[in-house]
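The structure appears below as structure tokens.
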There are 2 protein chains.
Amino acid sequence: MARKREFDVDQAVDRAMDVFWRRGYAATSLQDLTSALGIGSGSLYAAFGSKEKLYGLALARYTSRNAAQLVAELESAKEVRPALRAVLMAMAEADLCDPDRGCMTVNAATERADDPDTAAHVSATLKLVESTIAGALERAQVRGELTADKNPAELARLLTTFIQGLRVMGKARAGREFVESAVDAAMRTLD
Amino acid sequence: MARKREFDVDQAVDRAMDVFWRRGYAATSLQDLTSALGIGSGSLYAAFGSKEKLYGLALARYTSRNAAQLVAELESAKEVRPALRAVLMAMAEADLCDPDRGCMTVNAATERADDPDTAAHVSATLKLVESTIAGALERAQVRGELTADKNPAELARLLTTFIQGLRVMGKARAGREFVESAVDAAMRTLD
DNA sequence: TCAATACTGGATTGATCAATCCATAAATCT
DNA sequence: AGATTTATGGATTGATCAATCCAGTATTGA
């Protein structure tokens, strides 16, 4: 009954994610988006409604790609400690490879905390990270990987906070020596 | 020989700092600035040159107000541990009182890391925080406040990173319970 | 084959952007 | 006082902003 969409919506959200991730929300113009997505503004608005809604989809896409992977890796890990170290180092490595991006969740938290949708999404992501780490540490404790005197819930809050800081340091180009040393120190809190 | 400036430049920078701090760089319009500063755009450009330069002054003002105070408090502290806890809790408290602002250094790092001047300033601030904490921990170790098996340089990197994360969590409205617990866990790394 | 429908992207909209201009006003020097 | 110089702030500039419009096009069911 009607013409088919010529572009791939999923791919378009991926590309929008990349642009917003690098440039932030306010500094990204509609022209930036249409040229990155390879579509006209009419198509963009027909498909996504507004720049804000597209940002929301891009942020959700980022979360499902990254936070979800962190969760999966920690929950499927045989040994919690090396898995946690691997997760931390993977983030540090991501920032070393491409500091222009940093962590989109952190970028969203700092740039768009005043937007209720963004704030809610960021909050949910951080809670997910916290509870995943807490769960992993509880399992570690049961299995004797973590001594009984440790407090998994509290350590999870420390590590969740540390992760956000690690992304800030990465974006600020703190350098490999710094972030690796910081991760070492963070892992030592589990000893 | 010439007319005097009618507004107080220092006060104007303070006000610009507050606006940029809350809204970020890109989302702050010149109209936001002129109305907050109470001056016309002609005066603004005559005094500061451009929006970017005013932002640079505002960021420098923020640093000299905040990072410098952190340095002073840690260096004048009789006991390092309670001073460090006080510094961490003061930051957490600042975000609990006014989460719209967060930490301007973190905001600058995430929004404007691509600007060389901003990046350099942020980097210098973070190095100052790191070396101040490292120095304080070294003194603590000499005085027996910190056991000899600890590595002050590494702990300083952990704590510097933790601080940035704490500000992100604060801006994301993680709540008092969360940040206090995280600070407790962070302080425990010194035990 | 022909309506009906939805997608296309470039043109257009009115608002807003950072920055400059400029007539006026105040301050200092001779 | 008169000349010179700088500050003032509102008007103006041309660019750019997000969003809408629309003529043209592809797709489908009848």
Side-chain angles (χ1 to χ4, degrees), chain A residues 1-61 107-108 111-112 114-118, chain B residues 1-61 107-108 111-112 114-118:
Chain A
M1 203 88 141
R3 184 176 173 178
K4 279 182 182 168
R5 213 186 288 282
E6 286 180 11
F7 66 95
D8 184 316
V9 173
D10 265 9
Q11 187 186 55
V13 172
D14 277 349
R15 289 177 178 174
M17 176 189 79
D18 192 66
V19 177
F20 282 129
W21 191 355
R22 286 179 189 280
R23 307 178 51 83
Y25 178 79
T28 296
S29 71
L30 225 65
Q31 191 158 291
D32 291 333
L33 290 169
T34 52
S35 62
L37 271 57
I39 61 175
S41 55
S43 301
L44 191 153
Y45 276 86
F48 303 114
S50 70
K51 183 187 170 188
E52 249 186 328
K53 285 179 185 168
L54 179 54
Y55 179 83
L57 291 173
L59 181 59
R61 175 68 53 91
N107 298 348
E111 192 195 351
R112 288 184 58 76
D114 56 319
D115 170 58
D117 288 349
T118 303
Chain B
M1 205 87 143
R3 182 174 175 178
K4 280 182 182 168
R5 214 186 286 283
E6 286 181 12
F7 66 95
D8 185 316
V9 174
D10 265 9
Q11 187 185 55
V13 173
D14 277 349
R15 290 177 177 173
M17 176 189 79
D18 192 65
V19 178
F20 282 129
W21 190 356
R22 286 178 189 281
R23 307 178 51 83
Y25 178 79
T28 297
S29 72
L30 225 64
Q31 190 156 291
D32 292 333
L33 290 169
T34 53
S35 62
L37 272 55
I39 61 175
S41 55
S43 303
L44 191 153
Y45 277 87
F48 304 114
S50 70
K51 183 187 171 189
E52 247 184 330
K53 285 179 185 168
L54 179 54
Y55 179 83
L57 291 173
L59 181 58
R61 175 68 52 91
N107 298 349
E111 193 194 352
R112 287 184 58 77
D114 55 321
D115 171 57
D117 288 349
T118 302

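Order of the sequence lines fixes the chain letters, A, B, ..., with proteins taken first and strands second; residue numbering starts at 1 for each chain. Heavy-atom basis, side chains included; hydrogens, waters and symmetry copies ignored.
- The 5' end of DNA chain D is approached more closely, in terms of each residue's nearest nucleotide, by B/R5 than by the other of B/R5 and B/S41.
- Near DNA chain D, meaning a heavy atom under 4.0 Å away, the residues from residues 21-40 of chain B are B/I39, B/G40.
- Between A/A26 and B/A27, the shortest heavy-atom contact is CB-N, 4.3 Å.
- Listed by chain and residue number, A/Q31, A/D32 satisfy the side-chain contact (heavy atoms from CB on, under 4.5 Å) test with A/S29 (two or more places apart in sequence, or in another chain).
- Minimum heavy-atom separation, B/A58 to B/A16: CB-C, 4.1 Å.
- Annotation: side chain to side chain donor-acceptor pair (under 3.5 Å) contacts of B/R3 (sequence neighbours excluded): B/E6.
- Listed by chain and number, the residues in a side-chain contact (heavy atoms from CB on, under 4.5 Å) with A/R22 are A/D18, A/D98, A/D100, A/R101 (sequence neighbours excluded).
- Taking CG from A/L54 and CG from A/L59, the interatomic distance works out to 11.5 Å, rounded to the nearest 0.5 Å.
- For A/D14, the side-chain contact (heavy atoms from CB on, under 4.5 Å) partners are A/R61, A/R65, not counting sequence neighbours.
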Listed pairs, N/O of protein and of nucleotides 24-26 of chain C, under 3.5 Å:
from	atom 1	to	atom 2	distance (Å)
C/dA25	N3	B/R3	NH1	3.0

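- Here the shortest heavy-atom pairing between A/A36 and A/R15 reads O-CD, 3.3 Å.
- Scanning for side chain to side chain donor-acceptor pair (under 3.5 Å) contacts around A/E52 gives A/R112, with sequence neighbours left out.
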**Report entry** Intermediate values then yes/no, side-chain contact (heavy atoms from CB on, under 4.5 Å), B/F48 and B/V9
**Finding:** CA-CA 9 Å; B/F48 304 114; B/V9 174; 3.7 Å; yes
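- Chain B approaches DNA chain D within less than 4.0 angstrom (heavy atoms of the protein), and the contacting nucleotides run 5' to 3' from D/dT4 to D/dA11.
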Report task. Check the pair A/K51 / A/F20 against side-chain contact (heavy atoms from CB on, under 4.5 Å), numbers first and verdict last. Result -> CA-CA 10 Å; A/K51 183 187 170 188; A/F20 282 129; 4.1 Å; yes
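- By the side chain to side chain donor-acceptor pair (under 3.5 Å) test, B/T28 is found to be paired with no residue, residues two or more places apart in sequence or in another chain being considered.
- Across the helix from C/dT1-D/dA30 to C/dT30-D/dA1, the helix axis at one end is tilted relative to the axis at the other end by 0° (nearest 10 degrees, each axis from five pairs).
- Listed in residue order, the members of residues 50-61 of chain B having a heavy atom less than 4.0 Å from DNA chain D come to none.
- Atom CG of B/L30 and atom CG of B/L37 lie 10.0 Å apart (nearest 0.5 Å).
- Contacts of B/Q11 classified as side chain to side chain donor-acceptor pair (under 3.5 Å), with partners at least two apart in sequence or in another chain: none.
- In this structure, A/L57 and A/V13 approach most closely via the heavy-atom pair O-CG1, 3.8 Å.
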